[in-house]
Peer 1: 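Mind having a look at this structure? Questions to follow.
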Amino acid sequence: MERKREDMFATSVAKYSDHTDTFYHDLRKDEKTIDLALKMSMKGMSIEAIADVLEVQSASVKRWLTRAAEQYDKVNDNMMKDLNTPKIEMDELWIIIKKIVSRMKDYEDDGPWMWVAFVPGCQLILGFVIGPRKQYVTDKLVESVKKHLSDKIPLFVTDGLNFYREALLKHFGVLIEFPKTGKRWNI
């Protein structure tokens, strides 16, 4: 009888580990390998290169990166609420180097773009979206930023792309344009 009770205890402890409800739960690789894969990704290594160096499958690296992004989103949504920031800058970056981009304000592109909204001076990223240079992607960026803000509307600074104007008006409904002076402002 005593032996059976010990086996039941060991089984229940095995089902609940220190990884339950964490990013590492139910992953077969050790934490150090997964952490190294995430660091390599942040340094710009491709999924295939990471898999090659760590001697794992590319699908595993993709799964780890996806889980990390999902965990980031959960933490971000829980921690960043009712932020009161005076200024937010937004910009889009083309992901592949050496592409010549038109400076037109309505320029659309189906290629991969990274859209970023951040608080200048403190390096706080409020939102980012990967997608084509289209209106609906800009809307997603502004929507992701809005859910973190308090009721006070900050000053949004952009590169003048008309997609931002439409998205900001849709989500905030207020437009104040400042005249262009050609000088840099330090707000």
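Heads up: numbering here begins at 1 and tracks the sequence.
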Peer 1: For the CG atom of N84 and the CD1 atom of I153, what is their distance to the nearest 0.5 Å?
Peer 2: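 Result: 11.5 Å between the selected atoms.
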
Peer 1: I'd like to check L161 versus T158 (side-chain heavy atoms, cut-off strictly below 4.5 Å). Are they in contact?
Peer 2: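 A side-chain contact under 4.5 Å is absent here.
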
Peer 1: List the steps, then state whether side-chain contact (heavy atoms from CB on, under 4.5 Å) holds for M80 with L126.
Peer 2: CA-CA 8 Å; M80 293 196 348; L126 292 175; 3.7 Å; yes

Peer 1: Would a 4.5 Å heavy-atom cut-off, applied to side chains only, mark D82 and L149 as touching?
Peer 2: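 No, their side chains stay 4.5 Å or more apart.
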
Peer 1: Please examine the side chains of V157 and K87, heavy atoms only from C-beta on, and report whether any two atoms are closer than 4.5 Å.
Peer 2: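 K87 reaches V157 side chain to side chain.
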
Peer 1: Identify the heavy atoms of I50 and M40 that sit nearest to each other, and give their distance.
Peer 2: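 Distance-wise, the nearest heavy atoms are CG1-CB, 3.7 Å.
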
Peer 1: Hey, could you give me the CD1/NE2 distance between I88 and H148, rounded to the nearest 0.5 Å?
Peer 2: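 Atom-to-atom, I88:CD1 and H148:NE2 are 10.0 Å apart.
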
Peer 1: Rounded at 0.5 Å granularity, tell me how far NZ in K39 sits from CE in M45.
Peer 2: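 Result: 14.0 Å between the selected atoms.
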
Peer 1: Is it the case that the side chain of K140 and the backbone of V129 share a donor-acceptor pair, with hydrogens and angles ignored and the cut-off at 3.5 Å?
Peer 2: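 Side chain of K140 to backbone of V129, a donor-acceptor pair under 3.5 Å: no, none is there.
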
Peer 1: Under 3.5 Å, side chain of E89 to main-chain N/O of F118, donor-acceptor pair present?
Peer 2: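 Not a single qualifying donor-acceptor pair exists.
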
Peer 1: Roughly how far, to the nearest 0.5 Å, is the OG atom of S41 from the CG atom of L36?
Peer 2: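 The OG atom of S41 is 11.5 Å from CG of L36, to the nearest 0.5 Å.
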
Peer 1: Any idea which heavy atoms bring P132 and V137 closest together, and the distance?
Peer 2: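 Looks like O-CG2, 3.3 Å.
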
Peer 1: What's the verdict on side-chain contact (heavy atoms from CB on, under 4.5 Å) for L93 and F128, showing C-alpha distance, side-chain angles and the deciding distance?
Peer 2: CA-CA 11 Å; L93 310 151; F128 71 93; over 6 Å; no

Peer 1: Establish whether V75 and I125 are linked, either directly or via other cluster members, by ILVMFWY side-chain heavy-atom contacts under 4.5 Å.
Peer 2: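 No; I125 is not reachable from V75 via cluster members.
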
Peer 1: For residues A167 and Q135, report the shortest heavy-atom separation together with the two atoms involved.
Peer 2: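 Minimum heavy-atom separation between A167 and Q135: N-NE2, 3.5 Å.
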
Peer 1: Pick from Y164, W115, W113: which one makes a side chain to side chain donor-acceptor pair (under 3.5 Å) with E92?
Peer 2: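 Option passing the side chain to side chain donor-acceptor pair (under 3.5 Å) with E92: Y164.
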
Peer 1: Step by step, work out the side-chain contact (heavy atoms from CB on, under 4.5 Å) result for I34 and R67.
Peer 2: CA-CA 11 Å; I34 295 169; R67 284 183 75 161; over 6 Å; no

Peer 1: Within the structure provided, determine whether T85 and L124 are in side-chain contact (heavy-atom separation under 4.5 Å).
Peer 2: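 No. Closest side-chain heavy atoms not under 4.5 Å.
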
Peer 1: Give, for atom CG of D35 and atom NZ of K29, the distance between the pair rounded to the nearest 0.5 Å.
Peer 2: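 Those atoms lie 13.5 Å apart.
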
Peer 1: Taking all heavy atoms of G127 and all of S144, pick out the closest pair and write down the distance.
Peer 2: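 Where G127 meets S144 most closely, the heavy atoms are CA-OG, 3.9 Å.
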
Peer 1: Can you check whether E48's main-chain N or O pairs, donor with acceptor, with D52's side chain at less than 3.5 Å?
Peer 2: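 No, because the side chain of D52 does not come within donor-acceptor range (under 3.5 Å) of the backbone of E48.
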
Peer 1: Measure the spacing between NE2 of H171 and CG of D139 and express it to the nearest 0.5 Å.
Peer 2: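 It comes to 5.0 Å.
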
Peer 1: Minimum heavy-atom separation for A37 to L54, with atom names?
Peer 2: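 In this case the closest contact between A37 and L54 is CB-CD1, 3.6 Å.
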
Peer 1: Go through the steps for V142 and K170 under the test side-chain contact (heavy atoms from CB on, under 4.5 Å), then give the verdict.
Peer 2: CA-CA 9 Å; V142 173; K170 180 191 291 185; over 6 Å; no

Peer 1: Looking at R133 and F163, what are the two nearest heavy atoms and their distance?
Peer 2: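 Smallest heavy-atom distance, with atoms named: O-CE1, 3.6 Å.
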
Peer 1: Between T66 (side chain) and K62 (backbone), is there a donor-acceptor pair under 3.5 Å?
Peer 2: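 Between the backbone of K62 and the side chain of T66 there is a qualifying donor-acceptor contact (under 3.5 Å).
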
